[in-house]
Amino acid sequence: MNHVNRVFTVDGQPFFPLGGQVHNSSGYNLAALDTAWKALEALDANTVEIPVYWGQVEPVEGQFDFSVLDDLLQGAREHGLKLMLLWFGTWKNGQMGYAPSWVKQDPDRFRRVISAGGYPLNVLSSHCRANLEADRRAYSELLKAIKEKDATEKTIIAVQIENEAGIRGSDRDYGPEATATFHSPVPAEMASLAAERPGTLIHAAWQAAGARESGSWPELFGWQAGEFMTAWQIAQYIEELAIAGKVVYDLPMTVNVWLGEQWRRLAGEYPSGGAVAKVLDIYKLAAPHVDLIAPDIYVSSSQAYRHACEAYNRADNPLFVPESGRAGSNAQQMFYALGEYDAIGYFCFGIESMLDPEGNLRPESAPVAASFRAARAAIPLLLAYQGTGRVHAIVQEENAVEQYLDLGDYIGWVRFIGPADRYPGGYLYPRPETPERARGLVIQADDHEFYLVGGPFRVQFKRKPAPDAEMTPAEAARLLSDEMPGMISVEEGRMDDDGTWHPLRERNGDEVSGGVWAEPRAGLVRAVLTH
Ligand code: DGJ
């Protein structure tokens, strides 16, 4: 049994959403989505993420028009896709771009964040009750509309509340209400959280400020108090939307995050109060109705990529990646998320731009699309084996020519060469012209049964001596000469959701003598070794 918290379901069964997010303004009308549907096909996606804009659905206060949902639902259904809606409400990338004009034009009622210099920012304040009430009403109307239009077909599988919430340009709101809160006692559960989580940055800040049991935000958290208070405040604000939405229609609800605290110095350079890793505990405490908090991962360094995966893959928060790059290193790194951090869903952003005007994949996006297709083929296996230690990420880091896997009775020697390199001059070395870095998954379904997807790489399975083996000279000689255990079968094929395997092409002879290879066009490869 695996222990992955599968937040997303379809027909009561765990579902692994894989696909793309459209550009910010493509959700306004169907015409703009034409390219998106084509790109989703190129990704072999099963789900699309599309925003719904507060300003569009409530153009006049209290007058709602959710007819856009009809178009989105029709498009998704026609293309056999599930749909995740993104609520662009109070926050869009730490600002207020998608709020209705009647909100934007009435700053006395719908108050803005005030910077330390006393200037209003282009951000609605989470300390203003009118903002919360207006957004919460619109959000709950959205859930009503979803229920009305989709309760039978259930095309919509989740809603993201806000988009990269936080304050761009300030650590906190310096307006009078927020400042009064800042100097008021920190809620007791927040103070206990700081005391109870040694090893976290919240605890360190609390200790550095004198480890008091109670006090105001700056008394408890020193110079980081502004960010922590804002996180607490925004998490509570989002929690109120989640509660209001779920009362109407109980869908999974998520929150996404603009990362940045690893490489930016101050909150405000990244949206302050967003659920960055260091304040994730605050969000988990203050927003229990949010099903998961998800990093938007656009970093190219593997170290930063894995850091993000590790931070958000917790017992109380499964990793879900709602946005990632449509070109570049994401083609490889996504397999870290799937293989090593049990990601329960994965999306890339701005999918329309993956295609050229003729509708063909642009060269820079082709590797990402191939990786998504590989991941799609492996979904039944991901659902079955994530969380068991049997899913292994293959990622060719720069200059690497090989990787080793511990596969129970075997060591998997993975070389980053494809079928065309069967007898490469240097044996170990990929040809310099090998165009794509190797990436993919090796999944061990049983002691002697393996699935490979991705590429270009090949695996040689080397039998390990059993721990209790009597290593006679004869046995040692046998192992030394045992270049590869025998293969019962090596097949390319596909797997149904229920795990039924459909072989489409057999390999034998020359095609298995140098190991079992994977390449994107081969789809899923199954190898059964002799015992
Ligand atoms: C992250 C945001 O969430 C998206 O809406 C979009 O603005 C992308 N960044 C652009 O890269």
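One-based numbering, in listed order, for ligands and for the atoms of each.
- In terms of protein heavy atoms, atom 7 (O) of ligand 1 is closest to N93 ND2, 3.0 Å.
- Applying the side-chain contact (heavy atoms from CB on, under 4.5 Å) test between I293 and each of T254, V279, N317, V276 identifies N317 as the sole match.
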Original post:
Run the salt bridge (Lys or Arg N to Asp or Glu O under 4.0 Å) check on K284 and D316 step by step: do they pass?
Top reply: CA-CA 8 Å; K284 289 307 228 183; D316 60 359; 5.0 Å; no
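- With a heavy-atom cut-off of 4.0 Å, Y298 touches ligand 1 through its side chain alone.
- Between K278 and E261 there is no salt bridge, since no side-chain N of the basic residue sits under 4.0 Å from a carboxylate O of the acidic one.
- From the protein, the heavy atom lying nearest to atom 6 (C) of ligand 1 is F349 CZ, 3.4 Å.
- By the 3.5 Å distance cut-off applied to N or O atoms, K92 is counted among the residues near ligand 1.
- The option from E323, H23, R326 that lies nearest to atom 2 (C) of ligand 1, judged by heavy atoms, is E323.
- Using modelled atom types, one side-chain atom of Y312 and one backbone atom of A277 make a donor-acceptor pair closer than 3.5 Å.
- Interface atoms of ligand 1 facing D296, defined by a heavy-atom separation under 4.0 Å, are 3 (O).
- Counting atoms of ligand 1 from 1 in the listed order, those under 4.0 Å from a heavy atom of N163 are 2 (C), 3 (O), 5 (O).
- Residues Y237 and W91 place their aromatic rings such that the two centres sit under 6.0 Å apart.
- Within ligand 1, the atoms closer than 4.0 Å to a non-hydrogen atom of E164 are 1 (C), 2 (C), 3 (O), numbered from 1 in the order shown.
- Taking the six-membered ring for Trp and thresholds of 30 and 60 degrees, Y98 and Y53 have nearly parallel ring planes, at less than 30 degrees apart.
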